[in-house]
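Report on the structure given below.
All chains are named by letter (A, B, ...) in the order of the sequence lines, taking the proteins before the strands, and each is independently numbered beginning at 1. Since the structure is predicted, the reported quantities are computational estimates derived from the model, not experimental observations.
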There are 2 protein chains.
Amino acid sequence: MTRILVVDDEPQIVRALRINLHARQYQVVTAATGAEALQSAEDEQPDVVILDLGLPDVDGVSVVRTLRQWSHVPILVLSGRLHSTSKVEALDAGADDYVTKPFNIDELLARVRAVTRRHSSHEVTRPVRFGRWSVDLVDRRVDEIDGTPSVVHLTPTEWQLLDVLLRSPGRLVSQRQLLTQVWGPTFVEETHYLRQYMKHLRRKLEDDPARPQHLLTEPGMGYRFQP
Amino acid sequence: MTRILVVDDEPQIVRALRINLHARQYQVVTAATGAEALQSAEDEQPDVVILDLGLPDVDGVSVVRTLRQWSHVPILVLSGRLHSTSKVEALDAGADDYVTKPFNIDELLARVRAVTRRHSSHEVTRPVRFGRWSVDLVDRRVDEIDGTPSVVHLTPTEWQLLDVLLRSPGRLVSQRQLLTQVWGPTFVEETHYLRQYMKHLRRKLEDDPARPQHLLTEPGMGYRFQP
DNA sequence: ATGACGCGTGAAGAAGCCGTGAAGACGCCT
DNA sequence: AGGCGTCTTCACGGCTTCTTCACGCGTCAT
């Protein structure tokens, strides 16, 4: 049974969501503040988090950021029409999708389904294959697909960066998200770190590092792992 | 059965609309003031709201704004020829479309149909499909529907503009709203930015950029994404 | 007709971003 | 303490993207 954590400080919204989600056989847990949310996320281990960005105690974006430090749980962000910037920030911080208020309940449900489907199928435990390589994120090893013993060695930072990218195949991962997840929230400005380590990864994993096939740059936005 | 809330303080217009809409099998509810309108919208849960901007008690635009705080119901605005500015303001506030008085009843009915059709078909699965393309706003990628690998690449500004348009399918989005959401509130005069970037989007996404099928211009008003 | 206005288009300069090589700083191991 | 691997910092060249300007065309109103 799928467990959903709903975080919103407006009782009527929480109530509406609880009723609708419960009717669809979801188990619902709620929180009204950011602090509660983080606590619940740890205690209840939800499968999805629906998070309103306008919380009374802390900024919703920072909740996303904190949550992402230890959890990969899919986060669906609710944002008011007026705050399109914080929506972008939330995605940067690691949110998976967003819905603008006022929202259509069917749309929200569709997105919940999308986000869970996508996550369960991409729960990375098996080696990821691309190019000539088979990358095992659990065992931390890179093998050549044709069976040749591993010659590629990645440093810890390189592993972390590759990890974040490979966990979202095909999806654009923003610079901010990469920096937060690899170096921490205080490093969101240090984009030159990214350039440096992407260079290393490409040199080790791409056939032609100058013309990458799988570790792609999206200028002004971030990077993308293309399977 | 589709229920329509008609808001107008002129009895003869209300009467004409009631007769015509009723003849087309719509259920009609009416209100003569802004306060009544808000009350009815809550009590009757209409599927469409037809709202005259010239109300006796409050500004029609603020009715739109208030309504949009909790409801996603499609709003069709009626405006006198003299109030073209408030027409734009209403769109900015979240109205879906407008008709200028005096209006042709057939045109009005067509717009009602259009506005309900797109809303009921708002069964949102994540990627938005139009023309040959499948656009995924969250993953930030454009793929060809027939499976050909993505060749279209959009810049950050292009993505933001497309995002705003695609999040309101079929709806007329005002220039002001686009400029505010993409470039920020200080850029509401720079309509040439819009022209520039709409050109880019059309060149990349329309089969015949000079005769766009999906990214349409509404002269003097704004742009519309036609699914 | 004619002028004003808004929209579409092309082109070009400016700004910012990215990739790269190289070198210094740091911590861990023997 | 020395050496090594790794992380951080710097400088520069090239390229993408953003911004601005100029012009043509169609529509509408005078």
Side-chain angles (χ1 to χ4, degrees), chain A residues 92 140 151-163 165 172-176 178-179 181-184 186-224, chain B residues 81-82 84-85 87-88 91 100 140 142 151-163 165 172-176 178-179 181-184 186-224:
Chain A
D92 283 346
R140 297 262 124 141
V151 280
V152 177
H153 174 248
L154 304 182
T155 72
T157 309
E158 287 164 6
W159 270 117
Q160 281 203 63
L161 184 56
L162 190 63
D163 194 297
L165 282 171
L172 169 72
V173 187
S174 70
Q175 300 176 339
R176 198 164 288 193
L178 290 167
L179 287 163
Q181 297 206 36
V182 177
W183 285 272
T186 56
F187 286 71
V188 288
E189 309 271 311
E190 322 290 320
T191 56
H192 50 288
Y193 285 16
L194 285 179
R195 297 205 294 278
Q196 193 63 17
Y197 281 92
M198 286 305 299
K199 181 182 63 171
H200 292 158
L201 285 177
R202 281 167 176 160
R203 191 160 54 196
K204 293 179 179 178
L205 298 173
E206 290 278 4
D207 287 337
D208 182 358
R211 261 180 233 64
Q213 302 288 306
H214 303 99
L215 303 173
L216 310 180
T217 304
E218 298 280 351
M221 300 191 288
Y223 293 86
R224 184 197 304 276
Chain B
R81 197 170 271 281
L82 306 169
S84 77
T85 57
K87 194 169 60 185
V88 176
L91 291 173
T100 323
R140 292 269 124 125
V142 179
V151 280
V152 178
H153 176 251
L154 305 182
T155 71
T157 310
E158 288 164 5
W159 270 117
Q160 282 206 59
L161 183 56
L162 191 63
D163 193 301
L165 284 170
L172 171 50
V173 185
S174 68
Q175 299 178 336
R176 187 190 201 85
L178 289 167
L179 287 164
Q181 299 215 26
V182 177
W183 284 272
T186 56
F187 286 71
V188 288
E189 308 274 311
E190 322 290 317
T191 56
H192 51 289
Y193 285 16
L194 285 180
R195 296 204 294 278
Q196 191 65 12
Y197 281 92
M198 286 305 298
K199 179 184 66 171
H200 292 158
L201 286 178
R202 282 167 176 161
R203 191 162 53 197
K204 292 178 179 179
L205 298 173
E206 290 278 5
D207 286 336
D208 182 357
R211 267 183 250 359
Q213 303 287 305
H214 303 99
L215 303 173
L216 311 180
T217 304
E218 299 277 345
M221 297 275 106
Y223 293 85
R224 184 196 299 272

Contacts of type salt bridge (Lys or Arg N to Asp or Glu O under 4.0 Å), residue B:Glu218, not counting sequence neighbours: B:Arg224
By salt bridge (Lys or Arg N to Asp or Glu O under 4.0 Å) - contacts of B:Asp163 (at least two apart): B:Arg140, B:Arg167
Phosphate-side-chain proximity, A:Thr157 and D:dC7, N/O vs OP1/OP2 below 4.0 Å: yes
Sugar-phosphate only, base, or nothing, as touched by B:Tyr223 at under 4.0 Å among non-hydrogen atoms: sugar-phosphate
Detail all sub-3.5 Å separations between protein N/O atoms and N/O atoms belonging to nucleotides 21-27 of chain C.
| residue | atom | partner | partner atom | Å |
| --- | --- | --- | --- | --- |
| C:dG21 | N7 | A:Lys199 | NZ | 2.9 |
| C:dG21 | O6 | A:Gln196 | OE1 | 3.4 |
| C:dA22 | N6 | A:Gln196 | NE2 | 3.1 |

D:dC7 phosphate, OP1 or OP2, under 4.0 Å from A:Tyr197 side-chain N/O: yes
Solution key, residues 202-215 of chain A side-chain donor-acceptor pairs under 3.5 Å, sequence neighbours excluded:
| residue | atom | partner | partner atom | Å |
| --- | --- | --- | --- | --- |
| A:Arg202 | NE | A:Leu215 | O | 3.0 |
| A:Arg202 | NH2 | A:Leu215 | O | 2.8 |
| A:Arg202 | NH2 | A:Thr217 | OG1 | 2.6 |
| A:Lys204 | NZ | A:His153 | O | 2.8 |
| A:Lys204 | NZ | A:Glu158 | OE1 | 2.8 |
| A:Lys204 | NZ | A:Glu158 | OE2 | 3.4 |
| A:Glu206 | OE1 | A:Gln213 | N | 2.9 |
| A:Glu206 | OE2 | A:Gln213 | N | 3.1 |
| A:Glu206 | OE2 | A:His214 | N | 2.8 |
| A:Glu206 | OE2 | A:Leu215 | N | 2.9 |
| A:Asp207 | OD1 | A:Arg132 | NH1 | 2.6 |
| A:Asp208 | OD1 | A:Ala210 | N | 3.3 |
| A:Asp208 | OD2 | A:Arg211 | NH1 | 2.8 |
| A:Gln213 | NE2 | A:Arg211 | O | 3.4 |

Below 4.0 Å: OP1/OP2 of C:dG6 and any side-chain N or O of B:Thr191: no
Partner set under side-chain hydrogen bond (donor to acceptor under 3.5 Å, both in side chains) for A:Ser174, not counting sequence neighbours: A:Asp92
Under 4.0 angstrom between A:Tyr193 side-chain N/O and D:dT9 OP1 or OP2: yes
Side-chain N,O (A:Trp183) to OP1/OP2 (D:dT8) below 4.0 Å: yes
Sugar-phosphate only, base, or nothing, as touched by B:Glu158 at under 4.0 Å among non-hydrogen atoms: nothing
Distance below 4.0 Å between B:His153 side-chain N/O and D:dT17 OP1 or OP2: yes
Proximal nucleotide (of D:dT16, C:dG8, C:dG19) relative to the A:Pro219 side chain: D:dT16
With A:Arg195 via salt bridge (Lys or Arg N to Asp or Glu O under 4.0 Å) - residues at least two apart: none
B:Gln175 side-chain N/O to C:dC7 phosphate OP1/OP2 under 4.0 Å: yes
